[in-house]
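To start, the structure under review is shown below, and the notes come after it.
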Amino acid sequence: MPTADSQKPTASRYYLWTVGCQMNKADSEKLAAGFERLGMKAVDRIERADVVVLNTCSVRQHAEDRAYSKLGRVRDLKKQKPGLKVALMGCMVGLKTDELEKRFPQVDVFARPQQFDGIMELVEGPAEDLGGEFWPTTYAVPEGPATYVPIVHGCNKFCTYCIVPYRRGREKSRTVDEIVREVAYLAVHGVREVTLLGQTVEAYGHDLPEQPDLGDLMRALSEIERLQRIRFLTSYPKDMTHRILEAVADLPKVMECFSLPVQAGSDAVLDSMRRGYTRAEYLEKIREVRALMPGAGITTDIIVGYPGETETDFEETCSILEEVRFDKVHVAAYSPRPGTIAWRKMEDDVPAAVKAERLHRVEAIELRISQEINDRYAGTVQEVLVEGVRGEQPFGRTRTGKLVHIDSPARVGSMVAVRIEHAGPFSLRGVLEDALVLA
Ligand code: SAH
Ligand code: SF4
Ligand code: F3S
């Protein structure tokens with residue numbers, strides 16, 4: 001393990017702030033594990049830190065605004081404490097940083113997603129000192145029995161509205177061996193469920209010499225004895241092959257749980273977004289999933305108020321929600337992202353009030369449908385992995401990804417059978433079936 005050069009005072013307390021998706025959370029956990037390897041300690045109050053790292057998201061303006069307000073706080077702090085070291089990392093940082101440097105002089109280092117070396121240099125001196133094996137053998141310390149593991153970084157799709165490919169670069173898969181090694185380590189340290197992450201997770205392996213697919217990876221991971229569950233997100237309809245779906249259906253450890261963003265129900269909007277599929281093709285994919293795995297949990301993402309979205313287009317989004325009946329819908333109002341194709345070529349012409357109204361209509365449909373789906377769970381017995389305890393109450397998830405609050409004592413990390421007694425739109429509640437503790 002590398003040691004700090006005694007000539008350089010090593011900053012020892014770090015404050016790490018994270019917004020954005022699971023990928024960002026996973027990046028922060030890896031950076032934190034690197035800091036801990038250097039002997040640094042996490043603090044949960046920014047005022048107590050010697051090093052501040054803000055891990056940012058750019059997917060919508062709202063996410064950036066949160067980072068701006070944090071940066072204001074950091075500017076004030078740095079006036080009182082000039083030695084404070086500040087890094088801005090994640091998706092707000094593009095290839096060029098001159099604009100950011102001008103706007104935020106309180107930041108010492110700007111780091112693109114997963115480009116940790118500049119941050120390590122800030123706290124520890126030249127990054128070469130860490131040695132080439134530092135990052136590949138630095139694994140996040142799992143916080144509980146369920147954790148995230150990135151398997152393919154970046155995205156090649158360039159949907160017109162989306163900033164992600166500009167900030168995370170092209171697709172780059174980790175090797176099967178590397179991922180198996182990490183998951184085996186996590187399993188020894190108490191992890192029972194991994195969520196494999198990629199922006200288009202079925203793109204996994206296309207860029208590797210032997211071209212393994214997601215199914216091959218899940219087969220290899222299924223051999224890890226202590227690991228009990230595998231899930232994956234985010235799915236991209238065009239990349240989700242029958243071969244991958246068969247692997248999901250055949251492998252007992254892989255959960256019947258899909259995150260399959262549709263974004264819009266109208267062909268005109270889908271085409272304008274360059275999503276690469278039609279409404280009919282998307283629906284066909286849903287049929288294929290349900291033919292292999294009836295009752296699979298399926299969630300989706302929707303954008304309302306995309307440029308040019310008419311009332312008729314929007315009604316098609318509402319009708320696809322009624323037709324598919326998703327378990328959960330993440331809905332967002334279109335937010336123009338500088339540099340994207342939509343920002344360059346299309347006018348943000350749906351008024352804010354119309355966007356807000358459409359957003360609420362989607363939420364209302366979803367609330368009703370989620371409640372109806374969850375009602376069908378009432379009275380059933382579900383396999384639940386106990387992920388943690390909030391207050392006195394254990395909670396976990398079913399194989400279909402439903403959150404379950406358990407009204408009985410249950411050990412974190414155990415797989416239990418829960419009889420569902422109450423169903424709400426966002427979660428279920430039930431009691432342990434004592435005779436059926438599974439593991
Ligand atoms: N890779 C995933 C999603 C990544 S971004 C996919 O292909 O769907 C997460 C979600 O944010 C997207 O699904 C989309 O619904 C939303 N989103 C992305 N860009 C957006 C924008 N400019 N305005 C509003 N929502 C956006
Ligand atoms: Fe963005 Fe589209 Fe890539 Fe998803 S698939 S990350 S929405 S460009
Ligand atoms: Fe994730 Fe936000 Fe980047 S959603 S990939 S952290 S832009």
Side-chain angles (χ1 to χ4, degrees), residues 19-21 56-69 91-92 155 157-167 199 234-237 259-283 286 298-373 425-426:
V19 282
C21 61
T56 60
C57 170
S58 258
V59 79
R60 284 181 287 279
Q61 188 57 45
H62 175 70
E64 287 203 0
D65 291 344
R66 292 182 62 193
Y68 296 149
S69 90
C91 290
M92 261 173 63
C155 180
K157 297 289 187 289
F158 288 92
C159 303
T160 52
Y161 51 83
C162 184
I163 193 78
V164 172
Y166 300 89
R167 298 298 156 85
Q199 290 301 340
T234 304
S235 289
Y236 184 74
S259 165
L260 191 59
V262 64
Q263 310 295 3
S266 128
D267 279 339
V269 174
L270 288 173
D271 185 48
S272 173
M273 287 176 164
R274 303 195 190 169
R275 283 293 287 177
Y277 53 83
T278 61
R279 176 189 175 106
E281 285 167 340
Y282 182 88
L283 289 172
I286 295 281
I298 307 179
T299 65
T300 203
D301 294 2
I302 296 283
I303 296 175
V304 295
Y306 177 80
E309 185 189 62
T310 63
E311 188 58 27
T312 317
D313 291 324
F314 175 68
E315 273 160 19
E316 292 197 50
T317 293
C318 297
S319 79
I320 207 166
L321 299 181
E322 299 284 357
E323 199 167 337
V324 176
R325 297 175 63 78
F326 293 102
D327 289 82
K328 192 170 174 192
V329 175
H330 304 276
V331 55
Y334 171 70
S335 169
R337 303 286 69 218
T340 59
I341 301 166
W343 177 82
R344 280 187 269 127
K345 300 197 168 163
M346 298 169 206
E347 196 191 335
D348 179 20
D349 57 358
V350 178
V354 175
K355 285 181 183 168
E357 187 241 345
R358 290 180 184 170
L359 193 120
H360 292 137
R361 274 163 69 191
V362 167
E363 282 173 347
I365 296 172
E366 195 34 41
L367 199 66
R368 170 173 49 78
I369 293 176
S370 300
Q371 181 69 61
E372 286 166 8
I373 294 174
F426 308 115

What distance separates Cys159 SG from Gln263 CD, expressed to the nearest 0.5 Å? 7.0 Å

For Arg325, does the CZ atom have more than 12 heavy-atom neighbours from other residues, nucleotides or ligands under 6.0 Å away? yes

Distance (rounded to the nearest 0.5 Å) between Arg60 CZ and Tyr334 OH: 12.5 Å

Could you check Val354, Val350, Val304 and say which one makes a side chain to side chain contact (heavy atoms under 4.5 Å, CB included) with Phe314? Val304

Can you check whether Leu283 reaches Ile320 side chain to side chain, under 4.5 Å on heavy atoms? yes

Taking salt bridge (charged side-chain N to carboxylate O under 4.0 Å, His left out) as the definition, give me every residue that meets it alongside Glu64, ordered by chain and number, with sequence neighbours left out. Arg337

Can a side-chain donor-acceptor contact be found between Ser319 and Arg279 if the only test is distance below 3.5 angstrom? yes

Going by salt bridge (charged side-chain N to carboxylate O under 4.0 Å, His left out), name the residues that satisfy it together with Glu311, two or more places apart in sequence or in a different chain. Arg358, Arg361

Flag, side chain of Asp349 to backbone of Pro307, donor-acceptor distance under 3.5 Å: no

For His330, I'd like to know if atom NE2 has over 12 heavy atoms of other residues, nucleotides or ligands within 6.0 Å. yes

Check: Ile341 main-chain N/O paired with Thr160 side-chain donor or acceptor under 3.5 Å: no

Could you list the residues that satisfy ring-ring contact (aromatic ring centres under 6.0 Å, His included) with Tyr166, not counting sequence neighbours? Phe158

Classify the ring geometry of Tyr277 against Tyr282: parallel below 30°, tilted from 30° to 60°, perpendicular beyond 60°. tilted

Residues Cys57, Arg66; criterion side-chain contact (heavy atoms from CB on, under 4.5 Å); working and verdict: CA-CA 9 Å; Cys57 170; Arg66 292 182 62 193; over 6 Å; no

Pair Arg368-Glu322, salt bridge (Lys or Arg N to Asp or Glu O under 4.0 Å): steps then yes or no: CA-CA 10 Å; Arg368 170 173 49 78; Glu322 299 284 357; 2.6 Å; yes

Rounding to 0.5 Å, atoms OG (Ser335) and CG (Asp65) come to a distance of 8.5 Å

Under a 4.5 Å cut-off applied to non-hydrogen side-chain atoms, are Phe426 and Lys328 in contact? no

Run Leu321 and Val362 through side-chain contact (heavy atoms from CB on, under 4.5 Å) and show every step you take. CA-CA 8 Å; Leu321 299 181; Val362 167; 3.8 Å; yes

To the nearest 0.5 Å, tell me how far Asp313 CG sits from Cys318 SG. 11.0 Å

Can you check whether Thr234 reaches Pro261 side chain to side chain, under 4.5 Å on heavy atoms? yes

If the condition is ring-ring contact (aromatic ring centres under 6.0 Å, His included), which residues does Phe326 pass it with, not counting sequence neighbours? none

Test side-chain contact (heavy atoms from CB on, under 4.5 Å) on Thr310 and Val269; report intermediate values, then the result. CA-CA 9 Å; Thr310 63; Val269 174; over 6 Å; no

Could you walk me through whether Tyr161 and Thr340 satisfy the side-chain contact (heavy atoms from CB on, under 4.5 Å) test, starting with their C-alpha distance in whole Å, then the side-chain angles of each, then the deciding distance to 0.1 Å, before giving a yes or no? CA-CA 6 Å; Tyr161 51 83; Thr340 59; 5.8 Å; no

So, Ser370 side chain and Glu366 main chain: donor-acceptor pair closer than 3.5 Å or not? yes

Residues forming a salt bridge (charged side-chain N to carboxylate O under 4.0 Å, His left out) with Lys157, sequence neighbours excluded: Glu171, Asp239

Nearest 0.5 Å please: distance from the SG atom of Cys155 over to the CD1 atom of Ile163. 12.5 Å

Between atom OG of Ser266 and atom OH of Tyr306, what is the distance when rounded to the nearest 0.5 Å? 10.5 Å

Excluding sequence neighbours, so at least two apart, what forms salt bridge (charged side-chain N to carboxylate O under 4.0 Å, His left out) with Asp271? none

Met346 versus Ser272: any side-chain heavy-atom pair under 4.5 Å? yes

Asp327 side-chain N/O to Thr299 backbone N/O, donor-acceptor pair under 3.5 Å: no

Stepwise salt bridge (Lys or Arg N to Asp or Glu O under 4.0 Å) test for Lys355 and Asp348: CA-CA 11 Å; Lys355 285 181 183 168; Asp348 179 20; 2.9 Å; yes

Check: Glu323 and Ile286 side chains under 4.5 Å, non-hydrogen atoms: no

Using modelled atom types and a 3.5 Å cut-off, is there a donor and acceptor pairing between side-chain atoms of Glu309 and backbone atoms of Gly305? yes

Examine distances only and state if a side-chain atom of Thr300 and a backbone atom of Leu260 form a donor-acceptor pair shorter than 3.5 Å. yes

